[in-house]
Amino acid sequence: MIRERLQERLDRCFDQGVGKGFWSAAAAGRYAVEDPKQAAHGDFATNLAMVVAGLEKQKPREVAAHLLELLGDHGDLIEKAEIAGPGFVNFFIRETVWQSVLPELCRQGPAYGRSDIGQGRKVLVEFVSANPTGPLSVGHGRQAILGDAIARLLQHTGHTVTREYYYNDAGRQMRVLGESTRARYLEILGLPHQFPEDGYQGEYINDIARQLVKTRGDELKDEPAVQPFKEAAEQAIFADINATLARLGIVFDNYFNEHTLYDNGKIDAVVAALRDKGLVYEQDGAVWFRTTEFGMDKDRVIIKNTGEPTYRLPDIAYHLEKFRRGFDWMVNVFGSDHIATVPDVLAGIKALGCDDSKVTVVIHQFVTLMQGGKQVKMSTRKANFVTVDELLDEVGADVVRFFFLMRRAEAPLEFDLELARQQSQENPVYYVQYAHARLCSVRQQAEAKGVLRGRLEEAPVARLTTDEEIELLKALASFPELVSHAALALEPHRIIYFLQDLAGRFHGFYSRHRVISDDHELTQARLWLVEGLRIVFRNGLVMMGMTAPESM
RNA sequence: GCCCUCGUAGCUCAGGGGAUAGAGCACAGGAUUCCUAAUCCUGGGGCCGUAGGUUCGAUUCCUACCGGGGGCACCA
């Protein structure tokens, strides 16, 4: 907001400069309002003079002098503007501007930070998409939370979001799952059985088999088909996955079964369409897609010589379906192990006339669990992997969410179990939540003492003048812009960093200044500051799917 | 071999075409008659992987190389 006002001011000066012949219009749109790293360099800076000078073969500091001349009277926005360094113009914003942020923030309350930059655009966020072969692992957990946080960011910025879970219950994996279940079933009945070589060894298979014995007795002992076992397992596991997701506060709008693509002929339609464009051919009994036409090193099989499609074909059909359903933006959250599928799918939809720039793939790296400074080794197939449920049992949803959002997606995530378990200062989750609780506590103290905040319209914000207060106000002022940027970049970790930083600033302020004092006016002003901080902590935490406890 | 990704403080990581590169942890020391000490304050700590290139300016962009991770199936 404040940045925009400055930008507009600058643009006007730039145009006037063109009019006066100081410079040409060549630099229009090429200069920026930046955030200086150092406080001594002001609140904002512009590189306008250097950009213009570069294009016009002028001296940067002379251009900057012209700019200051055009700026003339500073108005109610700028306190001071000065030329610095190689030709920066640094701007110092009036304190009153920062102070005026507070009433507006408090007026907006829960809406502060929200925006309409999405303008209702329809966005599909696809994530988790794990086939129901077992409980969610920590890797899925990261993806679930990352995907959900991205969805939340988009919802907070005026996008119409659909969360979708894509799965396939027809593949080899699921067959092995059914066979594993059958083997356990027969085992419980004391009948001869053969456990599949690459079967699923988790205890949950036993649970499912036991349940099957309970409900069906031994009536399945001679069942030739794997189907009933598979179905029972799938159902149980899906219920389990959904329960885990619910514990995390994640609710999908839609579960898309790959099978529907076969049933309604979408798979065949893709092959036919590609064939029409001469992009498929047959060789060695298989059907190949000419991905080399799209810059790839070799062509790819889309239908095996067994007649079964490879994963690429349904993936392409699925994405075409997303386009058909009218989404303006399709966000896929994948683990880095699925990275190879991306180019094939993009090539497929592009070949069939879709705009692949509407698809954004967020690839996240793996999670390493750390215990006592050592890595916890995990194997999915074997029984020894840590599930999201176990993590939730240990540390709770807020901690799990926070830890999984602490790193940007492309960075590997080290999940320190010991740190996560600590209910203390060490744990960054509590550091942030404690700030919120403290703010609530101050509010309660004031109420208990009968100290009233007074009316918002009359809040004496001009009394907020200490460095700590102004810094807090600046941070609060930057929140909406931060949310917008985080949403468009699909980077929820920025919110986490912001909250940690804000918590640090608040705790610093708190230990140096008293909110409730004999100075009635100052107390009122600070109570409103407390209210503004409380709102932003709350909005930030809730936006990331976490709770904002009022006491700890 | 090819593709993707990462390389920033002892550790885990932010940042990012600009002016003196940050946080947390760890380490050392200190703060509580007073709104929650799950807090705060002070201190040391860095050829931003290496070498080139683009630029007025590169830790940031480009190229190559080195190192870690992931992928390169008629598995998903």
Side-chain angles (χ1 to χ4, degrees), chain A residues 32 34-38 40-41 45 47 50-51 53-55 57 59-60 84-88 90 129-131 133 167-168 171-173 258 283-288 296-298 300-312 314-315 334-343 363-366 368 370 373 406-414 416 419 422-435 437-446 448-449 451 493-494 496-498 500-501 503-504 506-517 523 526-527 530 551-552:
Chain A
E34 304 172 338
D35 303 306
K37 285 182 192 157
Q38 290 173 66
H41 295 148
N47 57 358
M50 285 177 302
V51 172
L55 293 167
K57 305 277 175 231
K59 293 199 171 109
F88 289 104
N90 295 333
S129 294
N131 285 341
T133 59
Y167 72 102
N168 161 28
R172 202 190 67 90
Q173 276 182 38
E258 180 187 308
Q283 190 182 306
D284 307 327
V287 178
W288 296 70
M296 264 161 265
D297 55 342
K298 55 185 167 193
R300 307 285 175 173
V301 170
I302 52 172
I303 300 176
K304 306 181 217 172
N305 57 19
T306 60
E308 264 183 302
T310 64
Y311 63 87
R312 291 180 192 96
D315 274 6
F334 289 161
S336 61
D337 54 336
H338 279 63
I339 197 165
T341 71
V342 174
I363 299 282
H364 67 87
Q365 293 294 317
F366 287 138
T368 331
M370 299 297 280
M406 270 196 312
R407 305 283 171 250
R408 61 195 225 276
E410 311 87 71
L413 192 146
E414 211 166 89
D416 187 334
L419 180 61
Q422 283 183 54
Q423 308 232 340
S424 72
Q425 46 191 9
E426 319 270 304
N427 196 326
V429 187
Y430 299 126
Y431 184 77
V432 172
Q433 289 187 325
Y434 179 60
R438 228 180 190 182
L439 288 158
C440 292
S441 171
V442 173
R443 187 170 64 165
Q444 274 164 12
Q445 279 292 326
K449 289 178 183 169
V451 182
H493 74 273
R494 295 197 200 182
I496 300 296
Y497 274 89
F498 172 84
Q500 290 191 92
D501 178 71
F506 165 62
H507 288 311
F509 160 78
Y510 183 88
S511 64
R512 269 185 289 265
H513 304 284
R514 286 194 61 79
V515 174
I516 302 164
S517 67
T523 299
R526 286 186 171 163
L527 282 173
V530 163
S551 68
M552 286 173 72

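All chains are named by letter (A, B, ...) in the order of the sequence lines, taking the proteins before the strands, and each is independently numbered beginning at 1.
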Would one find a side-chain N or O of [X] under 4.0 angstrom from OP1 or OP2 of [N]?
X        : N     : result
A:Lys57  : B:C56 : no
A:Lys37  : B:A19 : yes
A:Lys298 : B:A73 : yes
A:His507 : B:A37 : no
A:Tyr431 : B:C40 : yes

Interatomic distance at [atom1], [N] relative to [M], whole Å:
N     : M     : atom1 : answer
B:A64 : B:C2  : P     : 10 Å
B:G15 : B:G69 : C1'   : 22 Å
B:A19 : B:U42 : P     : 24 Å
B:U54 : B:C62 : C1'   : 7 Å
B:C13 : B:C6  : P     : 14 Å
B:G10 : B:C66 : P     : 25 Å
B:G46 : B:U8  : P     : 15 Å

Atom-to-atom span, [atom1] of [X] to [atom2] of [N] - whole angstrom:
X        : N     : atom1 : atom2 : answer
A:Glu414 : B:A14 : CD    : C1'   : 16 Å
A:Arg438 : B:U32 : CZ    : C1'   : 11 Å
A:Gln422 : B:G24 : CD    : P     : 17 Å
A:Gln283 : B:C74 : CD    : C1'   : 12 Å
A:Leu413 : B:G70 : CG    : P     : 16 Å
A:Ile363 : B:U5  : CD1   : C1'   : 10 Å
A:Arg408 : B:G22 : CZ    : P     : 19 Å
A:Arg512 : B:G30 : CZ    : P     : 20 Å

Practice item. Please state whether the base of B:U20 and the side chain of A:Gln38 form at least one donor-acceptor pair under 3.5 Å? Key: yes

**Study point:** Any donor-acceptor N/O pair under 3.5 Å between B:A23 base and A:Asp501 side chain
**Key:** no

Review point. Reckon A:Asp297 touches a base, only the sugar-phosphate, or nothing at all at heavy-atom distances under 4.0 Å?
Key: nothing

Review point. Roughly how far apart are A:Ile496 CD1 and A:Met406 CE, rounded to 0.5 Å?
Key: 8.5 Å

Could you tell me which nucleotide pairs with [N] by Watson-Crick or G-U wobble geometry, both distances under 3.5 Å, or answer none if nothing does?
N     : answer
B:U50 : B:A64
B:G22 : B:C13
B:A58 : none
B:G43 : B:C27
B:C72 : B:G1

Point to revise | Student check: side-chain heavy atoms of A:His513 and A:Arg526 closer than 4.5 Å | key: yes

Short question: side chain of [X], backbone of [Y] - any donor-acceptor pair under 3.5 Å?
X        : Y        : result
A:Arg312 : A:Val301 : yes
A:Thr368 : A:Glu414 : no
A:Asn47  : A:Met50  : no

Review point. Can you check whether A:Phe88 stacks with the B:A19 base, using ring centres under 5.5 Å and planes within 30°?
Key: yes

Exercise for review: Tell me whether A:His41 is stacked on the nucleobase of B:A19, counting only the six-membered base ring and applying the 5.5 Å and 30° thresholds.
Suggested key: yes

Check your understanding: When you look at A:His507 and A:Arg438, which way does the side-chain hydrogen bond (donor to acceptor under 3.5 Å, both in side chains) test go after all the steps?
Key -> CA-CA 9 Å; A:His507 288 311; A:Arg438 228 180 190 182; 3.1 Å; yes

